[in-house]
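Okay, structure first, notes after.
Chain identifiers are assigned alphabetically (A, B, ...) following the order of the sequence lines, protein sequences preceding nucleic acid strands; residue numbering begins at 1 within each chain. Just so it is clear, the structure is predicted and the values come from calculations on it, not from any experiment.
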Number of protein chains: 2
Amino acid sequence: MGVVERKLRDLEKIKLQIIEQSWLIVEEEGWQALSIRKIADAIEYSVPVIYKHFENKDAIIAYFTRQGFAMMAEQLASAVDLNKSADDNLYNIATSYWKFALEHKKCYEIMFGLGIPQCEVVNSIKEMKATSTVMLTCISKCITENNVDQIDLYLKFKTFWSILHGIITIEFLSNQKTNPEEVSPILTDAIQGFIISLKHHHN
Amino acid sequence: MGVVERKLRDLEKIKLQIIEQSWLIVEEEGWQALSIRKIADAIEYSVPVIYKHFENKDAIIAYFTRQGFAMMAEQLASAVDLNKSADDNLYNIATSYWKFALEHKKCYEIMFGLGIPQCEVVNSIKEMKATSTVMLTCISKCITENNVDQIDLYLKFKTFWSILHGIITIEFLSNQKTNPEEVSPILTDAIQGFIISLKHHHN
DNA sequence: TCCATTAGTTAACAGTGTTAGCAAAATTAA
DNA sequence: TTAATTTTGCTAACACTGTTAACTAATGGA
């Protein structure tokens with residue numbers, strides 16, 4: 001009779017509760033309101049229990065960062081349709097990125113929330129690689145489809161990502177409630193510009 | 001005999017010390033290390049003295065935010081040379097922006113430092129207007145010089161700023177020590193793309 | 001039943017922002 | 001000069017934060 005198994009399940013249940021309740025707090029009151037004591041209150045356990053499941057508070061945040069990148073990678077990947085042109089796919093990836101950022105604002109916030117602490121974390125996240133791979137492969141196809149082989153793939157990739165991230169940050173700063181479904185004209189403009197500049201590259 | 005004046009000067013001196021020492025702490029240990037008690041220690045006064053000069057800690061941070069935008073506006077303005085073409089000026093503004101961000105990393109950090117709190121602050125800063133005006137006027141000239149009058153100035157402005165900010169954030173995340181004088185190829189690429197897309201707009 | 005492990009607790013330490021209340025110093029008025 | 005008043009700066013507290021040591025109660029196996 002799997003007593004050990006049940007115990008492990010119970011432990012896992014507490015961990016899930018920590019994650020769940022943490023997320024509730026973040027959604028309602030923002031990241032800076034997330035505190036160990038508040039989580040302990042919410043899961044109706046004492047404070048040290050949390051440290052049995054997460055090394056420290058940063059580990060909890062890191063968990064959401066990883067999860068965020070995993071979700072994003074999935075969403076971007078599902079935006080790609082191999083029957084369409086690479087140009088179209090790139091545009092769809094961009095709008096998909098936009099949608100993700102707006103639908104998961106709080107998530108996107110820590111994923112890229114600058115400040116120094118996050119930097120090292122972000123660079124050591126394998127889930128982040130999945131995200132960038134989706135973009136990289138699509139841009140790579142764009143380059144071959146448009147016969148501009150001399151172009152620097154990695155440069156273009158970074159440019160693409162930078163543009164996307166920049167637009168979203170500026171959007172966040174001008175905090176009008178934006179509908180994720182309505183893609184910003186700025187995004188359309190910038191991405192079209194990006195694709196144009198791809199085609200106009202002289203081999 | 002201006003006793004009152006001297007007193008005011010003394011008060012001003014303390015305020016300057018608060019600013020000076022705060023900046024030292026931030027430069028050496030980062031924003032999250034800045035605490036009222038640490039400042040008090042550094043200026044060799046007790047904690048409540050600080051509250052005579054700043055309403056609270058946020059006000060100190062807001063001070064640096066304002067100052068940052070003022071400095072940036074100045075630096076961008078000085079990058080403009082009326083003898084040159086608007087296209088060239090726009091490129092120079094971009095590199096100037098890049099230089100500012102890298103030379104004043106800690107400053108740029110709070111100016112655009114994520115979190116929600118900053119959002120409202122940023123939107124209510126007149127020094128920020130000065131910054132955006134420099135960019136706006138230059139893009140406006142680009143549009144007339146290139147005879148693409150049908151274009152949406154404000155849209156292009158936002159796109160331009162988004163691209164710049166995005167590139168810098170990504171640069172910060174991949175925290176290799178970058179030389180501010182060496183402009184990133186990503187920046188050059190993106191800005192050239194931006195200008196190309198301006199010219200290729202169909203009236 | 002006794003022992004060992006584990007789960008979960010309380011209570012503390014060191015730090016944070018902020019403020020009330022008090023003492024000393026400086027200025028003004030008499 | 002003395003008395004009253006304002007200013008200046010301090011101590012100490014409050015209510016938080018993350019983190020951990022030390023203890024108790026419960027559980028599982030021999």
Sub-6.0 Å ring centroid separation between B:His104 and B:Tyr108: no
For B:Ile18 and D:dG9, what is the distance between atoms CD1 and P respectively, to the nearest whole Å? 11 Å
Between C:dT10, D:dG18, C:dT18, spot the one nearest the side chain of A:Ser46, thanks. C:dT10
Between A:Lys52 (NZ) and C:dT6 (C1'), how many Å, whole number? 7 Å
Would you mind reading off the distance between B:Lys15 atom NZ and D:dG9 atom C1', rounded to a whole angstrom? 18 Å
So, B:Lys106 and B:Glu27, do they make that salt bridge, N to O below 4.0 Å? no
Where the side chain of B:Pro48 is defined as all heavy atoms beyond and including C-beta, which of C:dT9, C:dT18, D:dT11 is the nearest nucleotide? D:dT11
Side chain A:Arg37 and base D:dG18 donor-acceptor under 3.5 Å: yes
Grab the CG-P distance between B:Asp41 and C:dG15 for me, whole Å please. 11 Å
Whether B:His165 and B:Phe112 hold their rings parallel, tilted or perpendicular, with breakpoints at 30° and 60°: tilted
Is A:Leu34 touching bases, backbone alone, or none of the nucleic acid, heavy atoms closer than 4.0 Å? sugar-phosphate
Determine the contact category for B:Tyr45: base if any of its heavy atoms lies under 4.0 Å from a base atom, sugar-phosphate if only primed atoms, P, OP1 or OP2 are that close, otherwise nothing. sugar-phosphate
Taking only side-chain N and O atoms of A:Ser35, does any of them lie within less than 4.0 angstrom of OP1 or OP2 on D:dT17? yes
Does a side-chain N-to-carboxylate-O contact under 4.0 Å join A:Lys158 and B:Glu171? no
Can you measure A:Asn56 atom CG to D:dT19 atom C1' for me and round it to whole angstrom units? 9 Å
Report the distance from atom OH of B:Tyr51 to atom C1' of C:dA20, rounded to the nearest whole Å. 13 Å
When you compare the side chains of A:Lys199 and A:Asn146, does any donor N or O come within less than 3.5 Å of an acceptor on the partner? yes
Within this structure, what is the CD-to-P distance between A:Gln32 and C:dG17, rounded to whole angstrom? 14 Å
Let me know the distance between NZ of A:Lys57 and C1' of D:dT20, rounded to the nearest Å. 17 Å
